Amino acid sequence: MDDRRRGYGIIEVSRRPWKLFEDECRYLVYQSLSGFDIKPTDIVFESPPSHIYGELSTPICMMLARKTGLNPQDLALEVKSRIDTADRRFIAKVDVASPGYLNFYLDKPSFFKLLISSIQALGVEWGRLESDRRLRVIVEHTSVNPIHPIGIGHARNSFLGDSIAALLEARGYDVHRHFYIDDVGRQVSILAYGYNLLGKPRFEEKPDSFLGYIYASISCILEIRRLKSELESCRSKQSEDEYMKISSRLDEWVAIAAELRSRNEKLFDRLLESIESDKDPEGRIAEINRLYEKRLDEDIVGIVREVVTLCLEGFKETLSRVDVDFDSWDWESDIVWSGEVDRILSMLKSTSYCRLEEGALIFDVAEAARDLGLEERIDIGLELPSLTLTRADGTTLYTTRDIAYAFRKLKQYDLSITVIGMDQKLPQIQLMITLSALGVDRVLDRYKPLFYGLVKLPGYRMSSRRGRIVTLDDVLDEARVRALTEVRKRSPNIDPREAERIAEAIAVGAVKYALISVSPERDIVFSWDKVLNFEMNSGPFLQYAYARSSSILSKADVDYIYADFDPTILNDRLEEDLLIHISKYPEIIWYSSENLAVHIVAEYANELAMKFNSFYDKLPVLKAEPLELKIARLKLVYAFKSTLGSALRILGIRPLERM
RNA sequence: GGGCCUGUAGCUCAGCAUGGAUAGAGCACCGGCCUCCGGAGCCGGAGAUCCCGGGUUCAAAUCCCGGCAGGCCCGCCA
């Protein structure tokens, strides 16, 4: 058990007080059900809908009654009669409710005593669990292609990933945050091609934003060229439908071109001219791709690395604004150049699943999955498409390189989390099957992609190729302006620089909360209203409750913290609700880390803030009489602040002492 | 055509793992609350065929089967 005794006097400390209560209940029920064939873990507990049914409840008797044909109510009464609560610590009473619930009533004073002294003793360790084995974990997230600024959709990835990392740290793991730089492949080659055409142009703006413009413009120009030639060949074949289809797509791209051109006519025209004077831009791009991947031309290597590095500078600027940091930046090209990809390829070739088709190397994923008996463990229908590992020109594809990267991850870490868009589910599954085929140990347990839904603009999905992207920078700027007006309105006398600092924290909190608080598998339709929400169920709402609690504590004599206190005095329903909710915090950490579900933490924090606000509104703290009550309430406020503070840190939202 | 994800109040979303007591929040709407620790707040009201249809069960938003709608994927793109 994680209890220990410390200090003078005897102060008992528990990292998981609620679990102590639950385990006590579990043990009693288990003992009383000795005649049945069940394990303690078969007994599930839930929170009753109302406190009149106690604090913990189990329907186990109803479940057993079904199997045995007994009457659930009778069984529950029988169990109750066998339970002896005389020498129990945290159970005040056991009762039976129709149609067969066993309800447990918490012995609040002794529980609250333990809870509050634990939180005080643990300090920042409160909410941090101890794991028997300190797993080494890699969390790879963000990994935005270095060809355009970070969009609000990518930001969902960053926030989710950073938060998951913090959560797993709280779980007691050794967590490493990695950014995978996708510098190999066609997209970066396109950008490098354009950047080179312009003769390494100078620019004033943020580098990722400038490069994003170049990338969008070139892909647009190329797309129009391609569509035009398709249209030509279509005309000769006289297929009316096809012609109309291509023609309308062409119209769409021409409109996009006009839009892009209006943003920077000189630059756009220069690009257009240069591309038009190039006989074979597509060929040149493929050439850049090949020369870079094979590292055959140091000039090309220099240019590609230069654009990518520039873009990353922009990323770092944005990411530091939102407190997202990485332990490592892993270049995809390094994995190729180091020979890791070749080694993986030759290992794959030596399996029976590879074949050559028109010069390209193909891996039969479906067959591998069947042979390895993986069908049942993978939640995708097994008409798994084959995976192309190499192009006819010998260059590799994204997933191939990702397999090598994943191989490395699982070699160096016990557990690998990859935060990645839902649209990449299939390639990730192909990757896992491929790794399994290579004999990597327990791939499905150790390689965990965390898929999330796309962030769409109302009407259409964002597209960096179309230059249609709402950037995180823009959203943050807008949120900060909004927050600053609020701060000024509420605290007119505040120091302007302090106001800026607070507004920025609020802006970041609002945007993060909006993206993190919905379950990841859902798509999100971007809306300013949602992201700039400062009211209930928002980042600022949490920060506000936190600021209120610290305001109280800052006005109190610090000695209260050392004072002994009488837990029986905290007997208002509002106080009890708040304390019980606080005590469940470590369980939330446990559950949400098991399920890689940070939105659970967000929801918990929101409820916690709501309970605190109700308490705050109705019950005075600083003016509470007698002194014992004031001390007890101050300790409660401290416990709240400590808990919300910890949850905010996991969510990546800055706790504010004032706002 | 096949696969995956989603469908809960006018709107945005929890709840689905492990079936269980009156299906919870927020926004918007209606009505109250600043002589008292910060009103970004609190209290109350109204608002739900839990997409539809079957099935399993004493009990289904939750599990199973079949539909429907939306999104995504099925590339020598990433």
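The figures that follow rest on heavy atoms only: side chains count, while hydrogens, waters and symmetry mates do not. In this text the structure is predicted, and so the values were computed from the model without any measurement.
- Closest heavy-atom contact between A:A505 and A:Q543: O-NE2, 3.3 Å.
- At B:G75, none of the side-chain N or O atoms of A:R186 fall inside 4.0 Å of OP1 or OP2 (strictly under the cut-off).
- Nearest-nucleotide positions on RNA chain B for A:A547 and A:D393 put A:A547 closer to the 5' end.
- With A:H154 contributing its side chain and A:G151 its backbone, the two residues share a donor-acceptor pair below 3.5 Å.
- When the C1' atom is used for both B:C5 and B:C43, the distance is 40 Å, rounded to whole Å.
- The phosphate of B:G38 has OP1 or OP2 within less than 4.0 Å of a side-chain N or O from A:S551.
- A:S491 comes within contact range of no nucleotide atom at all, as no heavy-atom separation falls under 4.0 Å.
- At the heavy-atom level, A:E358 lies under 4.0 Å from base atoms of the strands shown.
- Heavy atoms of A:F541 sit under 4.0 angstrom from primed sugar atoms or phosphate atoms, though from no base atom.
- Heavy atoms of other residues, nucleotides or ligands lying less than 6.0 angstrom from NZ of A:K618 number 12 at most.
- The same atom, C1', is picked in B:A28 and in B:C13; the two are 15 Å apart, to the nearest Å.
- Here, B:C4 and B:G67 have their P atoms 13 Å apart, quoted to the whole Å.
- Within the shown strands, nothing qualifies as a pairing partner of B:C37 under the Watson-Crick or G-U definition with both distances less than 3.5 Å.
- Spacing between B:G55 and B:G10 at atom C1', rounded to whole Å, works out to 33 Å.
- For the C1' atoms, the distance from B:U62 to B:U56 is 14 Å, rounded to whole Å.
- Of the P atoms belonging to B:G7 and B:U12, the separation is 12 Å, rounded to the nearest Å.
- The nucleotide B:G26 finds its pairing partner in B:C11, both defining distances of the Watson-Crick or G-U wobble pair being shorter than 3.5 Å.
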Inset, instruction - Quick one: do A:E478 and A:R482 satisfy salt bridge (charged side-chain N to carboxylate O under 4.0 Å, His left out)? Show the steps, please. - result: CA-CA 6 Å; A:E478 181 66 31; A:R482 277 270 277 266; 5.1 Å; no
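- Listed pair A:R548 / B:G39 meets the phosphate criterion, a side-chain N or O lying under 4.0 Å from OP1 or OP2.
- Side chain to side chain, A:E55 and A:N103 fail the donor-acceptor criterion of an N or O pair below 3.5 Å.
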Inset, instruction - Please report the C-alpha distance between A:F159 and A:H141 in whole Å, then the side-chain angles of each, then the deciding distance to 0.1 Å, and finally whether the ring-ring contact (aromatic ring centres under 6.0 Å, His included) criterion is met. - result: CA-CA 9 Å; A:F159 299 157; A:H141 69 85; 9.4 Å; no
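- Under 4.0 angstrom from either OP1 or OP2 of B:G75 there lies no side-chain N or O belonging to A:R391.
- Side chain to side chain, A:S527 and A:D529 fail the donor-acceptor criterion of an N or O pair below 3.5 Å.
- Look at A:K555 and you'll find a side-chain N or O under 4.0 angstrom from OP1 or OP2 of B:G38.
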Inset, instruction - Mark up nucleotides 22-31 of chain B, 5' to 3', with B wherever a protein heavy atom is under 4.0 angstrom from a base atom, S wherever such an atom reaches only the sugar-phosphate, and - elsewhere. - result: B--SSS----
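- B:A48 is unpaired under the criterion used here, namely a Watson-Crick or G-U wobble arrangement in which both key atom distances are under 3.5 Å.
- Less than 4.0 Å separates RNA chain B from at least one heavy atom of each of the following residues of residues 143-152 of chain A: A:N145.
- What separates CZ of A:F45 from P of B:G19 is a distance of 15 Å, to the nearest Å.
- Residue A:N595 places no side-chain N or O under 4.0 Å from the OP1 or OP2 atom of B:A17.
- For the side-chain hydrogen bond (donor to acceptor under 3.5 Å, both in side chains) test, residues two or more places apart in sequence or in another chain that qualify with A:K555 are A:S551.
- Nucleotides B:A61 and B:U22 place their C1' atoms 15 Å apart, quoted to the nearest Å.
- Of the P atoms belonging to B:C51 and B:C16, the separation is 15 Å, rounded to the nearest Å.
- A:I420 approaches A:P449 most closely through the heavy-atom pair CG2-CB, 4.1 Å.
- With no hydrogens or angles considered, a side-chain donor-acceptor pair links A:N537 and A:Y513 at under 3.5 Å.
- A donor-acceptor distance shorter than 3.5 angstrom exists from the side chain of A:R633 to the backbone of A:P620, with no hydrogens or angles considered.
- Residue A:E46 places its side chain closer to B:A21 than to any other of B:A21, B:C76, B:G38.
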